[in-house]
Amino acid sequence: MSQLLLAIESTCDETAAAVIRNDGEVLSSVVASQIEIHERFGGVVPELAARAHLDRILPVIDEAVREAGISLQDLSAVAVATSPGLVGSLLVGLTAAKTLALTLDIPLIAIDHVAAHIYACQMIASSDVFPAVGLVVSGGHTNLYDCRTALDLSLLGATIDDAAGEAFDKVAQILGLSYPGGPSIQKAAEQGDPKAFSFPRTFLNDDRLAFSFSGLKTAVRYEVEGQPGARRQPPPLTPERTADIAASFQAAVVDVLVAKCIQACKQTGYDRLCIGGGVAANRPFREALQQKCDQQKIQLVIAPMEYCTDNAAMGAIAWEKFQAGDFAALDIDATPGLVRR
Ligand code: KG4
Ligand code: ZN
């Protein structure tokens, strides 16, 4: 029998809702971005994000339901990302979901946002993608997982400082490029030489499955602003120089991400790799990873473009929980930190 659920996403700066059928078909996926609110700060301001979610959550849910051509009474469950994320942002989505579950008398399902990012890969696959290595690479995370099933994940390694997407955003700010930094750096890099600057590739030749991007960001800053205390002024930031720095920075991030994914596959023995999160939208990363996976005979599944950055459609993972009867109590809390398994 066909059943429908409403998934809600408000972990960071996107207010999103989707209606998803139990066969995985996405009937609607609405995303209200807050880029215009945060761009002048070069990053997400948590308090502003929470307030914007509050303004948008009900219109976004209404639109998702309307676009799907259903009414709220047709829903069999409501799902919401409860972790990880910004606490004020999470609470807005969670409160909306609890209210719907209570008033419609339907089960509430708690979604782990990082597991959902990886699950976006399952949504385009014709067969089971798990077990696999999973990489969530976004503005908040650079995490490698051993994904035994969609819901049974354990962390293999993560960044010790900035997330890769955060590095893209900060470097874009240093270069005077627009926010979010990922797309603007990718665009600027198209005109640049990725070998023009030799930026650090931290942990590249290290056995640990760990990432660090803060040294890379600092190296870019010194290249643009000059070394602290140095007498020599750096050359002016012309469009050519900006493009070269963007391309060289992007190449350093891509090299490390690709190498660690392959290393994680070797370490776990898995020959399947699932990639999700905003940075997975990066074209040079997708291409370099595909090439390396072909060489290593690893099956690569990357989340579809529209489901890389934050969205509620990847809340399709909630059907896995529905089938397992894994429902949340109505007094469940938001958990801002990563739930480590
Ligand atoms: O998954 P997401 O929407 O939000 C988080 O959960 O963090 O990811 C947003 C991040 C931002 O840092 C943005 O700069 C980055 O993903 N991003 C990209 C690209 N598109 C978005 N990074 C590199 N290349 C892209 N094309
Ligand atoms: Zn995300």
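First listed ligand is number 1; within each ligand, the first listed atom is number 1.
For ligand 1, the atoms sitting less than 4.0 Å from at least one non-hydrogen atom of D169 are 11 (C), 12 (O), 13 (C), 14 (O), numbered in the order shown with element in parentheses. Each of the atoms 14 (O) of ligand 1 lies under 4.0 Å from some heavy atom of G181. When each atom of ligand 1 is checked for a heavy atom of G139 under 4.0 Å away, the hits are 5 (C), 7 (O), 8 (O), 9 (C), 10 (C), 12 (O). Applying the 4.0 Å criterion to heavy atoms of G140 picks out, from ligand 1, the atoms 7 (O).
Around the Zn ion (ligand 2), the angle linking H117 (NE2) with H113 (NE2) is 90°, rounded to 10 degrees.
The backbone N or O of G181 lies less than 3.5 Å from a partner atom in the side chain of D169, making a donor-acceptor pair. Of the possible polar contacts, one joining the D161 side chain to the S214 backbone as a donor-acceptor pair under 3.5 Å is found. The main-chain N or O of A132 is never found under 3.5 Å from a side-chain atom of D146 such that the two would form a donor-acceptor pair.
At least one heavy atom of H117 sits closer than 4.0 Å to an atom of ligand 1. Put simply, no part of C12 is less than 4.0 Å from ligand 1, judged by heavy atoms.
Side-chain heavy atoms closer than 4.5 Å link hydrophobic residues (I, L, V, M, F, W, Y) into clusters, and following such links, even through other members, never connects L90 to L86. Residues V80 and V114 are members of separate hydrophobic clusters, defined by side-chain heavy-atom contacts under 4.5 angstrom among Ile, Leu, Val, Met, Phe, Trp and Tyr.
Using cut-offs of 30° and 60° for the angle between ring planes, the F168 and F249 rings count as perpendicular.
Heavy atoms of H113 found under 4.0 angstrom from ligand 1 belong exclusively to the side chain. Within the 4.0 Å heavy-atom criterion, both parts of T309, backbone and side chain, lie near ligand 1.
With a 4.5 Å cut-off on side-chain heavy atoms, L72 and V65 count as touching.
Shortest contact from atom 24 (N) of ligand 1 to any protein heavy atom: N282 ND2, 3.0 Å.
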